[in-house]
Amino acid sequence: MKNKSALVTGITGQDGAYLAKLLLDKGYAVHGLHARRSTDTLWRLRELGIANEVNLIEGDLTDLSSTIRSMEQSRADEVYNLGAQSFVGTSWGQPVLTANVTGVGALNVLEAVRIVNPKARFYQASTSEMFGLIQEAMQSETTPFYPRSPYGVAKLYAHWMTVNYRESFGLHASSGILFNHESPLRGIEFVTRKVTDAVSRIKQGQQKELRLGNIDAKRDWGFAGDYVEAMWLMLQQEVADDYVVATGQTTTVRDMCRIAFAHVGLNHEDHVVIDPKFYRPAEVEVLLGNPAKAKAKLGWTASTDLQTLITMMVDADMRRVSKE
Ligand code: NAP
Ligand code: F7E
């Protein structure tokens with residue numbers, strides 16, 4: 001039997017790297033849509049030792065001919081659309097770019113699937129940011145959406161296009177509504193990695209303080225390595241559907257800082273400085289996911305708690321900083 005082929009957009013991102021590794025380990029031929037940049041973007045694939053194992057196809061999500069060509073070249077049976085302008089903070093400064101990449105980009109991939117191989121299975125990287133100003137204390141697949149950023153709005157467009165292509169054209173198109181997930185491969189602009197990097201620099205005498213915005217915000221944080229497994233499971237189901245993927249626990253940014261600093265024997269109160277520069281025009285104050293459906297239908301549960309996740313990230317940053 002021929003190995004399955006997968007196309008991953010956003011393969012150079014945090015989730016793209018973990019997902020590519022998971023798919024390679026399962027015997028897939030893995031192709032990635034790779035946007036040209038003037039700087040090196042392959043560091044995550046190298047850290048996982050798979051940079052030479054994946055086939056990169058040059059292209060951009062905003063360019064329909066790129067997504068069609070990548071479908072043709074990869075002959076993908078499964079398509080994972082993880083590419084996005086994914087940083088919420090940036091989405092107010094670049095709302096049109098965010099709409100084009102994060103919103104219309106998903107449509108370009110759906111169109112490529114519909115045109116080139118409508119039998120291919122499609123995964124959309126939806127997000128808890130679509131819940132924004134939460135309408136229920138614990139958010140599930142039936143909770144009404146209320147996005148609070150241009151990023152959240154763009155993702156909601158992509159989410160509904162995924163549902164619409166499933167209902168209009170019968171595509172096997174699923175959406176994973178994933179809550180925040182982190183790892184040592186997380187981008188440095190996101191708060192967990194910003195904290196674990198700063199903790200390592202402060203501990204090693206390179207930095208004194210850490211400037212943060214709203215540390216009362218609460219998030220449901222899990223480990224990216226666990227979450228890519230849920231993506232794959234969704235595409236193995238007979239019927240396409242939408243699933244919340246979360247831990248079911250929520251923690252303040254302040255308490256996440258406490259864990260990170262304490263791991264190296266420091267007190268966060270001695271180093272964290274509040275800087276309004278990092279406040280957002282509209283904040284998502286609290287997110288808490290209900291992963292009951294993913295557990296019941298996919299047999300998936302988060303296996304890494306926040307303490308384990310944050311200490312893993314601090315340890316990785318301690319090693320990186322000491323090597324610099
Ligand atoms: P990430 O690390 O920011 O990765 C984003 C990826 O998209 C990168 O590979 C990036 O390429 C690529 N990309 C950006 N613009 C592109 C364009 N115009 N054309 C082609 N590729 C482009 O994000 P992540 O944390 O892995 O998240 C993966 C997906 O899940 C994203 O869609 C994100 O919005 C969504 N999501 C994430 C979370 C989370 O907590 N991590 C939760 C819910 C949903 P470069 O490397 O060249 O920049
Ligand atoms: O912020 C607060 C900030 O940028 C978390 C993306 O992967 O998850 C991510 O979006 C919270 C917010 O992630 C700083 O205001 C305080 O309340 O780490 P973040 P995010 O905005 O939740 C969702 C699910 C996605 O889909 C996104 O793609 O932390 N916060 N001080 C700060 N945040 C940052 N970045 N920097 C600070 O200094």
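Both ligands and their constituent atoms are indexed starting at 1 by order of listing. Source: prediction; values computed, not measured.
The nearest heavy-atom contact from the protein to atom 6 (C) of ligand 1 is Gly10 CA, 3.6 Å. Looking only at heavy atoms of the protein, atom 18 (O) of ligand 2 is closest to Val191 N, 2.8 Å. Among protein heavy atoms, the minimum distance from atom 10 (O) of ligand 2 is reached at Val88 CG2, 3.6 Å. Here the heavy atom of the protein found nearest to atom 2 (C) of ligand 2 is Asn214 O, 3.9 Å. Ranking the protein heavy atoms by distance from atom 20 (P) of ligand 2 puts Asn180 ND2, 3.7 Å first. What sits closest to atom 4 (O) of ligand 2 on the protein, heavy atoms only, is Arg280 NH2, 2.8 Å. Given atom 27 (C) of ligand 2, the protein heavy atom at minimum distance is Ser86 O, 3.4 Å. Looking from atom 6 (C) of ligand 2 to the surrounding protein, the closest heavy atom is Phe190 CE2, 3.6 Å. Looking only at protein heavy atoms, the nearest one to atom 43 (C) of ligand 1 is Leu178 O, 3.1 Å. Summary of contacts: the protein heavy atom closest to atom 15 (O) of ligand 2 is Glu283 OE2, 2.6 Å.
Distances between N or O atoms of Asn81 and those of ligand 1 include no value under 3.5 Å. Considering backbone and side-chain N/O atoms, Gln85 never comes within less than 3.5 Å of an N/O atom of ligand 1. Looking at ligand 1, you'll find an N or O of Leu82 within less than 3.5 Å of one of its N or O atoms. Where the criterion is an N or O separation shorter than 3.5 Å, residue side chain and backbone included, Thr62 fails it with respect to ligand 1. Of the N or O atoms in Ala84, one or more lie within a sub-3.5 Å distance of an N or O in ligand 1. An N or O contact shorter than 3.5 Å links Lys155 to ligand 1 by distance. Polar contact with ligand 1: absent for Glu182 (N/O pair, distance under 3.5 Å). Considering backbone and side-chain N/O atoms, Arg44 never comes within less than 3.5 Å of an N/O atom of ligand 1.
Residue Ser126 places a heavy atom under 4.0 Å from ligand 1. Within the structure, the closest approach of Gly89 to ligand 2 does not fall below 4.0 Å when heavy atoms are considered. Using a 4.0 Å cutoff on heavy atoms, Thr9 does not count as a contact of ligand 1. Under a 4.0 Å heavy-atom criterion, Phe87 is in contact with ligand 2. The shortest heavy-atom distance from His34 to ligand 1 is not under 4.0 Å. Look at Glu129 and you'll find every heavy atom at least 4.0 Å from all atoms of ligand 1. Residue contacts with ligand 2 do not include Arg254, since none of its heavy atoms lies under 4.0 Å from the ligand. Residue-ligand proximity: Phe190 is placed with every non-hydrogen atom at 4.0 Å or more from ligand 1.
Every atom of ligand 1 is numbered from 1 in the order shown, and the set under 4.0 Å from a heavy atom of Gly13 is 2 (O), 4 (O), 8 (C), 9 (O), 26 (O). Interface atoms of ligand 1 facing Thr127, defined by a heavy-atom separation under 4.0 Å, are 43 (C), 44 (C). Atoms of ligand 2 lying under 4.0 Å from at least one heavy atom of Val253, given by number and element, are 29 (O). Of all the atoms in ligand 2, the ones that sit under 4.0 Å from a non-hydrogen atom of Phe278 are 38 (O). Of all atoms in ligand 1, numbered sequentially from 1 with element shown, those under 4.0 Å from a heavy atom of Thr41 are 46 (O), 47 (O). Under a 4.0 Å criterion applied to the non-hydrogen atoms of Ser128, ligand 2 contributes the atoms 24 (C). Interface of Ala217 with ligand 2, defined as ligand atoms under 4.0 Å from a residue heavy atom, comprises 17 (O). Applying the 4.0 Å criterion to heavy atoms of Ala125 picks out, from ligand 1, the atoms 29 (C), 30 (O), 32 (O), 35 (C). Below 4.0 Å from some heavy atom of Thr127 lie the following atoms of ligand 2, by number and element: 23 (C), 24 (C), 25 (C), 26 (O). Those atoms of ligand 1 that come under 4.0 Å of a heavy atom in Asp60, given as number and element, are 17 (C), 18 (N), 19 (N). Those atoms of ligand 1 with a heavy atom of Asn180 less than 4.0 angstrom away are 40 (O). Residue Arg186 approaches ligand 1 through these ligand atoms, each under 4.0 Å from one of its heavy atoms: 25 (O), 39 (C), 40 (O), 41 (N).
Taking the six-membered ring for Trp and the full ring otherwise, the centers of Phe145 and Phe131 sit less than 6.0 Å from each other. You'll find the ring centres of His271 and Phe261 inside the 6.0 Å limit.
Here Arg254 pairs with Asp216 in a salt bridge; the nearest charged N to carboxylate O distance falls below 4.0 Å. Using a cut-off of 4.0 Å between Lys/Arg side-chain N and Asp/Glu carboxylate O, Lys4 and Glu78 are scored as salt-bridged. Electrostatic pairing of Glu72 and Arg69 does not count as a salt bridge here, judged by no charged N lying under 4.0 Å from a carboxylate O. With salt bridges taken as basic N to acidic carboxylate O contacts below 4.0 Å, none links Lys194 and Asp317. Electrostatic pairing of Glu182 and Arg219 does not count as a salt bridge here, judged by no charged N lying under 4.0 Å from a carboxylate O. Taking the charged nitrogens against the carboxylate oxygens, Asp15 and Arg186 have no contact shorter than 4.0 Å, which rules out a salt bridge. Checked for salt-bridge contact, Asp242 and Lys293 miss the test: no charged N lies under 4.0 Å from a carboxylate O. With respect to Glu324 and Arg319, no salt bridge is recorded, no charged nitrogen being found less than 4.0 Å from a carboxylate O.
Judged by distance alone, the side chains of Tyr227 and Glu229 never bring a donor and an acceptor atom under 3.5 Å apart. For the 3.5 Å distance criterion, the side chains of Thr311 and His263 fail to qualify, holding no donor opposite an acceptor. Judged purely by distance below 3.5 Å, without hydrogens or angles, the side chains of Gln124 and Tyr80 never pair a donor atom with an acceptor atom.
The two residues Arg166 and Ser174 make their nearest non-hydrogen contact at NH1-CA, 4.1 Å. Listed here is the closest heavy atom pair of Leu298 and Leu233: O-CD1, 3.7 Å.
Ring geometry for Phe87 against Phe190 counts as perpendicular: the plane angle is over 60°, on a 0 to 90° scale with 30° as the lower cut.
Side-chain contact check for Asn164 versus Thr162: every heavy-atom pair is 4.5 Å or farther apart.
Of all the heavy atoms of Lys194, the ones lying under 4.0 Å from any atom of ligand 2 belong exclusively to the side chain. If you look at Arg219 next to ligand 2, the close heavy atoms, those under 4.0 Å, all belong to the side chain.
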**OP:** Please step through side-chain contact (heavy atoms from CB on, under 4.5 Å) for the pair Ile68 and Val116, ending with a clear verdict.
**Re:** CA-CA 7 Å; Ile68 290 178; Val116 178; 3.9 Å; yes
Subject >> Verdict with supporting geometry, Tyr243 and Leu178, side-chain contact (heavy atoms from CB on, under 4.5 Å) >> reply: CA-CA 8 Å; Tyr243 298 88; Leu178 270 54; over 6 Å; no
Subject >> Phe179 and Thr247: CA distance, side-chain angles, deciding distance, side-chain contact (heavy atoms from CB on, under 4.5 Å) verdict >> reply: CA-CA 8 Å; Phe179 283 61; Thr247 69; over 6 Å; no
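A cation-pi arrangement is present between Lys26 and Trp232, with the terminal nitrogen or guanidinium carbon under 6.0 Å from the aromatic centre and inside a 45° cone about the axis.
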